[in-house]
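From a predicted model like this one, the values you see are computed outputs, not experimental measurements. Both counts, for ligands and for their atoms, begin at 1 and track the order of listing.
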Amino acid sequence: MVHATTPVLIIHGGAGVIKRDMSPAKEKAVRAAMTKALEDGYAQLKAGKPAMDAVTAAITVLEDDPNFNAGRGSVFTHDGKNEMDAAVMDGDTLRAGSVAAVHRVKNPILLARAVMEHSPHVMLIGDGAEEFAKEQGITLVDPSYFRTEERWQQLQKALKEDGEKQPHADLETARHFGTVGAVALDAQGHLAAGTSTGGMTDKRWGRVGDSPIIGAGTYANAQCAVSGTGWGEFYIRTVAAHEICMKVSMLGEPLQRAAAEVINQEIPSMGGNGGAIALDNDGNIAMPFNTDGMYRGWIGADGVPHVAIYDNEPDPSNQPPAAPSSASAPNE
Ligand code: ASP
């Protein structure tokens with residue numbers, strides 16, 4: 001007998017220092033984009049489509065929105081370019097695709113998916129990745145498409161601060177905020193994960209973060225799917241997304257505990273910071289972060305998009321765990 005699962009979609013739009021004095025217009029725009037991403041992604045799940053379709057539909061909305069550090073609105077490198085990374089992973093088949101250091105791909109998440117589905121490889125970078133994009137009919141745009149004045153000014157500020165010898169946690173956090181990601185559970189009970197980012201403001205030398213590294217910023221298997229956001233070097237060193245999923249799959253830890261151990265203990269103990277969204281195949285949700293906020297959203301059995309930004313806003317991670325029979329019904 002095929003057991004139908006109640007679909008769930010979770011998204012993030014980055015963890016970090018979130019200014020409480022964010023203008024009402026900006027906060028409204030962020031919440032609206034997150035809501036649209038949840039609606040577009042969940043429509044896929046409601047139509048019986050695979051989790052991967054929900055992940056890419058949601059992330060595409062956020063990549064197109066200039067308020068997030070992914071696609072249009074990506075941060076700038078030291079030499080004034082937008083250089084983007086993205087990855088997807090399918091939990092059912094353990095197939096994955098990722099791209100790094102692309103400059104002209106309108107939606108890097110769609111290219112990552114094409115790498116998974118239409119190439120014999122897992123990860124493509126730079127010019128080769130864009131050559132493959134062209135062959136696949138993926139939309140390429142002029143690099144100026146990604147530029148926003150806000151991100152340009154962030155680079156100018158970072159260039160002035162470059163004299164600081166030691167990376168400073170607050171400074172580093174401010175430099176990368178706004179990465180986007182999604183994890184989904186479809187009606188067949190399969191999970192998928194995806195992450196897309198411009199990386200960190202002022203990054204140099206072809207720096208690649210955790211987002212496109214399978215296991216670091218993005219991972220999914222049959223029991224667990226994770227998308228991370230934060231100071232990428234620490235997510236790579238802890239292999240954070242894989243670590244969370246292995247605690248669930250191999251140690252049988254509850255998802256929320258597994259995610260909290262990595263995000264709230266391991267990463268900060270090494271000097272890093274950030275957050276993650278995680279979902280298991282029973283529809284349990286975890287959204288831990290060790291910063292003062294994380295743009296996050298979820299939609300489940302009630303079909304209502306929920307969005308939260310600050311640490312004092314309730315979400316299914318800081319609510320008492322749902323009863324097993326309603327595990328896939330997140331509530332605010
Ligand atoms: N993790 C991303 C990176 O290091 C940035 C972020 O998530 O904010 O590239």
Next item on the list: Describe, in one word, how the ring planes of His306 and Trp298 are oriented to each other, choosing from parallel (under 30°), tilted (30 to 60°) and perpendicular (over 60°).
Entry: parallel
Next item on the list: From the options Lys203, His12, Met200, Arg207, select the one whose nearest heavy atom is closest to atom 4 (O) of ligand 1.
Entry: Arg207
Margin query: Out of Gly217, Gly230, Gly209, Gly232, who is nearest to atom 2 (C) of ligand 1 when you count heavy atoms only?
Written below: Gly230
Check: Is any N or O atom of Thr229, backbone or side chain, closer than 3.5 Å to an N or O atom of ligand 1?
Finding: yes
Check: Sub-3.5 Å donor-acceptor pair from the side chain of His121 to the main-chain atoms of Met123, do we have one?
Finding: no
Next item on the list: Could you tell me whether Lys26 and Glu150 make a salt bridge, using a distance below 4.0 angstrom between a side-chain N and a carboxylate O?
Entry: yes
Note to self: Only heavy atoms of Gly199, strictly under 4.0 Å: list the atoms of ligand 1 that pass.
What the structure shows: 9 (O)
Item checked: For Asp210, the ligand 1 atoms whose distance to one of its heavy atoms is below 4.0 Å -> 1 (N), 2 (C), 3 (C), 4 (O)
Notebook entry, point to check: With no hydrogens and no angle check, is any side-chain donor or acceptor of Arg31 less than 3.5 Å from a backbone partner on Val307?
Noted result: yes
Notebook entry, point to check: What about Asp85: any of its N or O atoms under 3.5 Å from an N or O on ligand 1?
Noted result: no
Margin query: What I want to know is whether Thr197 and ligand 1 share at least one N or O pair that is separated by under 3.5 angstrom.
Written below: no
Item checked: Atoms of ligand 1, numbered as shown, that sit under 4.0 Å from any heavy atom of Thr179 -> 2 (C), 5 (C), 6 (C), 7 (O), 8 (O)
Notebook entry, point to check: Would you call Asp65 and Lys36 a salt bridge, taking side-chain N to carboxylate O under 4.0 Å as the test?
Noted result: no
Check: Checking salt bridge (charged side-chain N to carboxylate O under 4.0 Å, His left out) for the pair Glu130/Lys134: CA distance, chi angles, key distance, verdict?
Finding: CA-CA 6 Å; Glu130 292 186 349; Lys134 226 183 285 168; over 6 Å; no
